[in-house]
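Reading through the structure tokens given below for one structure.
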Amino acid sequence: MTLLSMALRNLGRNRRRTALAASSVAIAILLVVFMQGMVGGFLGSIVKNYTKNEVGHVNIVTEEYRERERFSPVDAAIPDSSVVIRALEGAPGLEGAKFAERIRFGVILSAGANSKAALGLAGDPVTEKGLLMLDRNVLEGGRYIEGPGETILGEALARDLGLAVGDTLKVLTERSDYGMGFKKFRVVGVFRTRVNTLDNAVFQIGLDDARSLLAMGAGAQQVLAMLPDYRDADKAARTMEKVLAERGLSGLSVRSWTAMGDFPRFILMAESVYFWMYVIVAFLGAFIITNIMMMVVLERKKEIGLLKSMGMPNREVLALFLAEGTLMGLVGSAVGSALGLAMNVVMGKVGLDLTSAMSSFSWPMDNVVYFTVSLPWTVAIFLIGVAVSMAVAYLPSRSAARMNPIDAIRSA
């Protein structure tokens with residue numbers, strides 16, 4: 001009889017105790033897998049709500065623009081940004097990626113005798129509904145941009161300029177050819193986010209209007225890529241660099257969000273902290289195996305003494321009891337991983353709607369958190385559960401292996 005078959009037979013001798021140990025591990029691993037999906041969903045939502053307004057998961061600009069990025073230079077734009085998007089859409093390794101063209105530029109706004117410096121944001125209105133999301137904050141009586149010559153602006157900015165829905169806004173700025181650009185827009189909406197940097201200084205127009213105002217032709221300063229999973233950004237950035245080089249599109253700088261600013265450090269640190277939390281929870285769930293194995297060793301002293309007196313070496317006794325503890329952890333980890341994965345699949349489709357909890361916070365953001373579903377992570381957590389079960393079963397197993405056979409038989 002092999003050690004594995006002996007271990008399986010021994011586990012069946014007290015099925016209730018075996019089920020208790022496996023259930024404890026299963027609950028712990030279920031919680032860990034569910035936590036991983038939830039935490040991944042929350043971190044993904046945080047990253048999305050940051051990157052959609054700033055740099056995207058992957059940010060593509062010209063090398064010249066990257067050098068002067070803080071000035072948002074309009075003379076360093078990608079000459080034809082749509083060519084870049086067409087080259088990347090559907091490329092192997094970039095399935096599911098969504099792309100957006102965006103322009104940021106400084107202007108002087110005026111209405112009547114009032115004038116004020118402001119920041120212009122421009123992009124495709126339909127695309128920006130899923131990125132900037134300012135359409136959600138437009139006050140009653142106004143609407144979002146739908147056509148050329150239309151604009152929306154922050155509530156405080158509109159108040160300073162004395163503007164209301166239906167009024168005309170005059171925009172003066174420096175063009176990409178260093179001439180002066182001037183254009184009139186009709187205010188179709190005023191938004192309120194309660195964020196000073198937006199309400200006091202931002203107005204939004206369509207991409208074509210910005211190109212006309214800035215003499216940018218078919219260009220845009222940035223191409224933003226949003227990925228299904230923010231963790232794939234570094235790999236996607238390398239793929240994009242390769243694809244663009246193969247298409248002969250040179251002079252472009254492609255960077256993942258992880259390489260831009262200090263924010264990524266916080267996310268990466270949080271992921272590291274949560275990983276060790278997963279290990280601790282798995283350890284606590286598997287710790288019951290230690291107690292059960294200690295009881296088993298004490299109950300089976302005579303059996304251990306007989307096995308050793310019949311010639312079973314210490315290493316095989318160790319392996320036998322270690323196999324019993326590991327099998328309990330393996331079954332529990334498998335059940336817990338399967339149930340946790342199923343729960344994450346459901347929450348990944350349904351999502352956790354935090355709209356009511358965020359009702360007092362008007363920042364334009366996606367309030368629905370979709371849990372992540374990661375088969376590699378689930379397998380990793382399953383393996384953690386098995387490894388922890390093996391680790392906590394080691395001391396009782398070693399105690400059994402070190403027993404003196406004569407003393408074990410006499411004390412039984």
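Keep in mind the model is a prediction, meaning the values are calculated, not measured.
- Applying the side-chain hydrogen bond (donor to acceptor under 3.5 Å, both in side chains) test to pairs two or more places apart or on separate chains, those with a residue in residues 114-124 are Lys116-Asp160, Asp124-Thr127.
- Judged as a ring-ring contact (aromatic ring centres under 6.0 Å, His included), not a single pair has a partner in residues 126-159 (not counting sequence neighbours).
- Each salt bridge (charged side-chain N to carboxylate O under 4.0 Å, His left out) pair with one or both residues in residues 320-344, not counting sequence neighbours, appears once here: Arg300-Glu324.
- Every residue two or more places apart in sequence or in another chain that forms a ring-ring contact (aromatic ring centres under 6.0 Å, His included) with Phe371 is listed here: Phe34.
- Shown here are the side chain to side chain donor-acceptor pair (under 3.5 Å) partners of Asn200, two or more places apart in sequence or in another chain: there are none.
- Salt bridge Asp229/Lys235: absent, no basic N to carboxylate O contact under 4.0 Å.
- Within the 4.5 Å cutoff, the side chain of Tyr65 has heavy atoms near those of the Pro73 side chain.
- Under the ring-ring contact (aromatic ring centres under 6.0 Å, His included) criterion, Tyr50 pairs with Phe263, sequence neighbours left out.
- Looking at residues two or more places apart in sequence or on another chain, you find a salt bridge (Lys or Arg N to Asp or Glu O under 4.0 Å) between Arg66 and Glu69.
- At distances below 3.5 Å, at least one donor-acceptor pair connects side-chain atoms of Arg102 with backbone N or O atoms of Asn53.
- In terms of modelled atom types and a separation under 3.5 Å, the side chain of Ser81 and the main chain of Val223 share no donor-acceptor contact.
- Listed by chain and residue number, Leu322, Val386, Met390 satisfy the side chain to side chain contact (heavy atoms under 4.5 Å, CB included) test with Thr326 (two or more places apart in sequence, or in another chain).
- By the 6.0 Å contact criterion, NZ on Lys183 is enclosed, its count of non-hydrogen atoms from other residues, nucleotides or ligands being greater than 12.
- Take Thr151 and apply the side chain to side chain donor-acceptor pair (under 3.5 Å) test, not counting sequence neighbours, and it matches no residue.
- Under the 30°/60° scheme for interplanar angles, the aromatic rings of Tyr278 and Trp377 are found to stand perpendicular.
- Here Asp199 pairs with Thr193 under the side chain to side chain donor-acceptor pair (under 3.5 Å) rule; sequence neighbours left out.
- The side-chain hydrogen bond (donor to acceptor under 3.5 Å, both in side chains) analysis of residues 334-347, with sequence neighbours excluded, yields no pairs.
- Identified under the salt bridge (charged side-chain N to carboxylate O under 4.0 Å, His left out) test for residues 207-217, with sequence neighbours left out: Glu101-Arg211, Asp208-Arg211.
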